[in-house]
Amino acid sequence: MDREYFKKTFRFSQDMLSPLYAQLANYIKIQIQAGVFKPGDRVIAENELCEILNVSRTTIRQCMNQLTEEGYIVRYRGKGSFIADQKLKRPISYLYDFTENMLSLGAEPTSVVLKSELLELKDEKLSDTLQMPSGQRTAFHLTRLRCANGEPILLEDTYIPYYLCPGIELYNFSSSSLYHTLKERYSLNLYHANETIEAIIINKRFAELLKCSARVPGYSITRISHLDSGYVFEYTASVTRADKCIFELDLYQHQNAGKTPIDFQRRISL
């Protein structure tokens with residue numbers, strides 16, 4: 001982190017309602033998202049920041065604690081704080097959309113389409129999962145490598161009942177959002193999803209696609225998504241690197257007025 005650049009570009013605003021530590025944290029986050037502060041850059045030492053900004057050590061520590069909790073910096077005992085590699089932050093308390101999530105993080109979402117085809121389902125379990133009507137066996141199969149700023153983040157394998165979206169194979173999902181297409185072109189009201197997240201070790205085939213070393217930690221995510229009518233519109237199996245993804249939950253007590261509690265359950269498989 002360049003000290004002279006920091007001194008020239010950052011000033012506290014006395015007119016803002018946000019506290020000083022939050023103003024400093026927001027400035028650092030913006031500089032990271034803009035690529036000015038890069039992964040691995042050393043953060044100016046806390047005592048030096050106190051002198052430069054003429055604020056208390058408490059203010060600086062509150063800022064650093066917030067940035068650490070949000071995954072923007074990492075601290076090493078005896079070495080200091082450093083800008084962390086940016087992770088895909090995946091909230092799991094609402095129906096997840098990769099494109100919207102990347103845009104909200106200031107990243108450019110792109111996809112490499114590996115497969116886009118129509119399939120006659122032979123797998124009875126998959127057919128039952130998709131709640132295929134009698135006589136309907138055709139599904140749209142889409143495999144994509146999802147990228148943020150050109151870096152592979154997520155490998156997605158998706159199946160959608162074709163009767164819900166005839167002609168969808170003609171769309172180019174290397175740049176188009178699948179969910180946006182389903183909502184806008186086929187008037188489907190996407191309602192909710194059930195996801196299962198499992199810690200895995202990434203195998204060689206997936207590692208080559210995700211551009212990481214084999215045998216590193218990752219997550220396997222399966223999703224079954226429903227329309228407001230209750231019908232299933234999607235089954236997706238995904239693999240992502242653990243070093244590129246964190247999960248978030250907003251939890252509320254039942255008596256908290258105006259908030260819907262999340263029914264979250266952790267299970268241990270022996």
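Scope of the values below: all heavy atoms of this structure, side chains included, with no hydrogens, waters or symmetry mates.
Across all their heavy atoms, T181 and F173 have their closest contact at OG1-CE2, 3.6 Å. Nearest approach of R241 to P152, heavy atoms of both residues: NH1-O, 4.4 Å. Contact between L67 and A25 at its shortest, heavy atoms only, is CD2-O, 3.7 Å. D228 and Y191 make their closest contact through N-CB, 3.4 Å (heavy atoms, listed as atom of the first residue, atom of the second, distance). Across all non-hydrogen atoms, the minimal contact from E169 to F140 is CA-CE1, 3.7 Å. Looking at every heavy atom in both residues, A22 comes nearest to Q66 through CA-OE1, 4.4 Å.
When the salt bridge (charged side-chain N to carboxylate O under 4.0 Å, His left out) test is applied to E117, no partner is found at least two apart in sequence or on another chain. By the side-chain hydrogen bond (donor to acceptor under 3.5 Å, both in side chains) test, T129 is found to be paired with no residue, residues two or more places apart in sequence or in another chain being considered.
Using bins of under 30°, 30° to 60° and over 60° for the plane-to-plane angle, the ring pair Y159/H141 lands in the parallel bin. Note on ring orientation: taking the six-membered ring where Trp is involved, the planes of Y27 and F6 are perpendicular (angle over 60°, cut-offs 30° and 60°).
Without hydrogens or angle criteria, Q23 side chain to S13 main chain gives a donor-acceptor distance under 3.5 Å. Without hydrogens or angle criteria, T68 side chain to M64 main chain gives a donor-acceptor distance under 3.5 Å. With Q131 contributing its side chain and V232 its backbone, the two residues share a donor-acceptor pair below 3.5 Å.
Hydrophobic cluster of Y76: the remaining members, joined at side-chain heavy-atom separations below 4.5 Å, are V74, F82, listed by chain and number.
The closest side-chain donor-acceptor pair between T236 and E234 falls under 3.5 angstrom. Using a 3.5 Å distance cut-off with no hydrogens or angles, the side chains of Q136 and Y162 do not pair a donor with an acceptor. Looking at Y5 and Q31, their side chains do bring a donor and an acceptor atom within 3.5 Å of each other. Counting only N and O atoms by type, the side chains of R146 and S111 include a donor and acceptor under 3.5 Å apart.
Each of L119 and I160 belongs to its own hydrophobic cluster when Ile, Leu, Val, Met, Phe, Trp and Tyr are linked at side-chain heavy-atom distances under 4.5 angstrom. In the hydrophobic clustering of this structure, V113 groups with L118; members are Ile, Leu, Val, Met, Phe, Trp, Tyr whose side-chain heavy atoms approach within less than 4.5 Å, directly or through other members. If you chain together hydrophobic residues whose side chains sit under 4.5 Å apart, V239 and L178 never meet in one group. Y163 and Y235 fall into different hydrophobic clusters, where Ile, Leu, Val, Met, Phe, Trp and Tyr are joined by side-chain heavy atoms under 4.5 Å apart, directly or via other members. Y186 and L227 fall within the same hydrophobic cluster, defined by Ile, Leu, Val, Met, Phe, Trp and Tyr side-chain heavy atoms under 4.5 Å apart, directly or through other members.
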Taking only distance into account, with no hydrogens and no angle test, what donor-acceptor pairs under 3.5 Å do side-chain atoms of residues 121-128 form with protein atoms, sequence neighbours excluded?
| unit_1 | atom_1 | unit_2 | atom_2 | d |
| --- | --- | --- | --- | --- |
| D123 | OD1 | K125 | N | 2.9 |
| D123 | OD1 | L126 | N | 3.1 |
| E124 | OE2 | R137 | NH2 | 3.3 |
| S127 | OG | R137 | NH1 | 3.2 |

Validation: residues 198-221 side-chain donor-acceptor distances under 3.5 Å, sequence neighbours left out:
| unit_1 | atom_1 | unit_2 | atom_2 | d |
| --- | --- | --- | --- | --- |
| N203 | OD1 | R205 | N | 3.2 |
| N203 | OD1 | F206 | N | 2.9 |

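Rounded to the nearest 0.5 Å, atoms CD1 (I44) and SG (C50) are 11.5 Å apart. The CG atom of L24 sits 12.5 Å away from atom CZ of R11, with the distance rounded to the nearest 0.5 Å. Residue I153 holds its CD1 atom at 13.0 Å from OG of S238, rounded to the nearest 0.5 Å.
Counting heavy atoms from C-beta on, the side chains of I60 and L53 come closer than 4.5 Å. Between I83 and I32, some side-chain heavy-atom pair lies under the 4.5 Å cut-off. Between S56 and T59 there is a side-chain heavy-atom pair separated by less than 4.5 Å.
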Task: Residues R144, L114; criterion side chain to side chain contact (heavy atoms under 4.5 Å, CB included); working and verdict - done: CA-CA 6 Å; R144 291 178 294 175; L114 304 177; over 6 Å; no

TODO: Starting from the C-alpha separation in whole Å, work towards a yes-or-no answer on side chain to side chain contact (heavy atoms under 4.5 Å, CB included) for F233 and S225.
DONE: CA-CA 6 Å; F233 75 85; S225 304; 3.3 Å; yes

Task: Chi angles and distances behind the side chain to side chain contact (heavy atoms under 4.5 Å, CB included) call for V36, D2 - done: CA-CA 9 Å; V36 178; D2 188 282; over 6 Å; no

TODO: Could you walk me through whether L190 and K183 pass side chain to side chain contact (heavy atoms under 4.5 Å, CB included), step by step?
DONE: CA-CA 7 Å; L190 316 186; K183 287 186 286 188; 3.7 Å; yes

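Listed by first and then second residue, the salt bridge (charged side-chain N to carboxylate O under 4.0 Å, His left out) pairs that reach into residues 32-56 are R3-E48, E46-R57, E46-R61, E46-R75, sequence neighbours excluded.
Counting heavy atoms of neighbouring residues, nucleotides and ligands inside a 6.0 Å radius, atom CG of N54 does not exceed 12 of them. More than 12 heavy atoms of other residues, nucleotides or ligands lie within 6.0 Å of CZ in F10, so this atom counts as buried by the packing criterion.
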